[in-house]
Number of protein chains: 2
Amino acid sequence: MKLRDENKIARIYKATLKLVKATGLSGVTMQAVAKEAKIATGTLYIYFQNKETLIASLFQACIKNSQGSFFKNYDAKAPFKVGFHTIWLNVLHHRLLRFEESLFIEQAFHSPYIDEQIKVEAKKMFEPLKELLARGKKEHLVKDVDNFWLTAFMIGSINEISRRVNYYNKKLNPEVIDLNFQLCWDGIKA
Amino acid sequence: MKLRDENKIARIYKATLKLVKATGLSGVTMQAVAKEAKIATGTLYIYFQNKETLIASLFQACIKNSQGSFFKNYDAKAPFKVGFHTIWLNVLHHRLLRFEESLFIEQAFHSPYIDEQIKVEAKKMFEPLKELLARGKKEHLVKDVDNFWLTAFMIGSINEISRRVNYYNKKLNPEVIDLNFQLCWDGIKA
DNA sequence: TTTATAAATGAATAAAAATTCATTTAATTT
DNA sequence: AAATTAAATGAATTTTTATTCATTTATAAA
């Protein structure tokens with residue numbers, strides 16, 4: 001019996017992300033995905049029931065992937081600023097390195113392919129960050145502002161950095177990264 | 001001779017924006033637009049040569065529209081903080097009130113419908129803000145950071161506020177708006 | 001009024017995209 | 001090495017979407 005080439009799902013995801021970056025979600029056709037992934041169109045339907053399933057599965061994979069990266073090396077017991085800096089850098093690096101995924105998440109979020117259920121899950125992504133900010137407020141290091149807005153502030157500014165790096169292919173170096181962190185830090189600090 | 005109903009273009013734009021919010025750009029079909037605008041499909045082609053033209057025209061209209069709002073009541077001669085606050089509020093209000101347009105711009109930006117030329121134009125939108133920030137730096141009120149990153153910081157955090165207000169239909173009141181401004185202001189100030 | 005002209009219509013057509021399926025290929029088991 | 005099984009293929013089919021066009025409708029000018 002011929003075995004499934006499990007590596008194929010990764011190829012399909014990669015192809016889809018590449019197409020989303022190049023043409024947006026509206027440019028993603030099953031034929032184009034198959035061609036990019038160098039498989040036959042029919043093969044797509046062995047791995048995914050239909051287009052909706054493909055998009056929804058990739059969406060969940062991207063969310064999971066983000067969660068993994070954001071809190072890598074994060075130690076909840078480290079001093080507040082250390083922890084905050086770690087997460088800030090992790091989010092930035094993830095967005096920069098996996099810009100296609102961020103783009104896909106944004107576009108898929110507003111497509112008919114993703115249902116409410118999945119969106120609710122996606123929202124839980126930043127729980128550990130919210131806990132850290134709560135602690136920062138207790139320690140009087142962070143402004144007394146609702147976590148909802150503090151995270152919006154942090155994530156929003158990071159997203160825009162990565163968007164601009166990618167759109168205008170601006171280069172980042174450690175010094176510039178530091179300056180950008182300082183903007184965010186001065187914003188949230190009490 | 002029957003005259004063109006110029007109001008129809010506005011109806012078409014409105015319908016397109018509504019559909020983009022509901023289903024993303026990939027859900028925008030000419031039939032759906034026509035139905036939503038309560039005109040016949042053929043009529044769409046009287047006003048726009050084809051789908052690409054419709055999307056590109058709306059994109060330009062949205063950009064122009066933004067430019068108008070962002071610098072409304074802005075006085076380049078007012079004290080720095082006053083001017084900055086005015087623009088910050090204008091951008092926020094525009095994003096909140098015309099969220100569908102922001103969404104459309106984001107999605108269209110990465111679609112095959114918008115060519116490089118138009119994107120370059122869109123980039124010039126924030127020129128007056130950059131001038132203001134340059135002045136702020138001269139007056140030692142603003143951190144010595146490249147305007148590119150200062151605007152990214154400001155615009156990114158505002159965008160995320162409006163995104164969250166719309167996604168999670170969180171309410172904003174003047175007090176919360178002030179808190180959010182404070183985050184941004186403390187971030188950029190020297 | 002009548003005529004002329006362009007807008008508006010929506011069914012028909014063309015084009016593009018999603019999905020299926022009969023056939024082939026490759027790996028595993030007997 | 002034959003039989004078995006599921007993966008892989010890609011052309012054919014179905015479905016959806018873009019675009020056209022013959023016809024109707026409304027308005028301005030004659």
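Residue numbering restarts at 1 for every chain, and letters A, B, ... go by the order of the sequence lines.
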Quiz item: Starting at CD of B:Glu52 and ending at P of C:dA15, how long is that distance when rounded to a whole Å?
Solution: 17 Å
Quiz prompt | Which nucleotide in C:dT19, D:dA8, C:dA7 has an atom nearest any side-chain atom of B:Arg4 | solution = C:dA7
Exercise. Specify the separation, in whole Å, of atom CD1 of B:Ile12 and atom C1' of C:dA7.
Key: 12 Å
Practice problem: May I have the distance from A:Ile46 (atom CD1) to C:dC21 (atom P), rounded to whole angstrom? | Solution: 14 Å
Quiz item: Between the side-chain atoms of A:Gln31 and the base atoms of C:dA16, is any donor-acceptor pair under 3.5 Å?
Solution: no
Quiz item: Of all the nucleotides listed (C:dT19, D:dT9, D:dA8), which has the minimum atom distance to the side chain of A:Ile39?
Solution: D:dT9
Practice problem: Describe the nucleic acid contact of A:Lys8 in one word from base, sugar-phosphate, nothing, applying a heavy-atom distance below 4.0 Å. | Solution: sugar-phosphate
Quiz prompt | Side chain of A:Thr41 - closest among C:dG10, D:dA7, C:dT19 | solution = C:dT19
Practice problem: Figure out the OH/P separation between A:Tyr45 and D:dT13, and round it to whole Å. | Solution: 17 Å
Self-check item: Contact check, side chains of B:Tyr47 and B:Asp5, non-hydrogen atoms, under 4.5 Å
Solution: yes
Practice problem: Could you check how far CG of A:Asp5 sits from C1' of C:dA26, rounded to whole Å? | Solution: 12 Å
Practice problem: Please work out which of the three classes, parallel, tilted or perpendicular, describes the rings of A:Phe109 and A:Phe59, given edges at 30° and 60°. | Solution: tilted
Quiz item: Rounded to whole angstrom units, what separation is found between the CD atom of B:Gln49 and the P atom of D:dA18?
Solution: 16 Å
Quiz prompt | Value in whole Å for how far the P atom of D:dG10 lies from NZ of A:Lys35 | solution = 13 Å
Exercise. Can you figure out which of C:dT19, D:dT9, D:dT19 approaches the side chain of A:Lys51 most closely?
Key: C:dT19
Exercise. Any chance you could measure A:Leu133, atom CG, to A:Lys137, atom NZ, to the nearest 0.5 Å?
Key: 7.0 Å
Quiz prompt | Touch class at under 4.0 angstrom, heavy-atom based, for A:Thr43 against every strand present | solution = base
Quiz item: What nucleotide, of C:dA7, D:dA7, C:dT19, holds the atom closest to the side chain of B:Tyr47?
Solution: C:dA7
Self-check item: Nearest-Å distance for atom pair NZ/P, residues A:Lys38 and D:dA8
Solution: 16 Å
Practice problem: Could you work out which one of C:dA7, C:dT19, C:dT9 sits closest to the side chain of B:Ala40? | Solution: C:dT9
Self-check item: A:Arg164 side chain reached by A:Lys170 side chain, heavy atoms, under 4.5 Å
Solution: no
Practice problem: Just say parallel, tilted or perpendicular for the rings of B:Trp185 and B:Phe80, cut-offs at 30° and 60°. | Solution: tilted
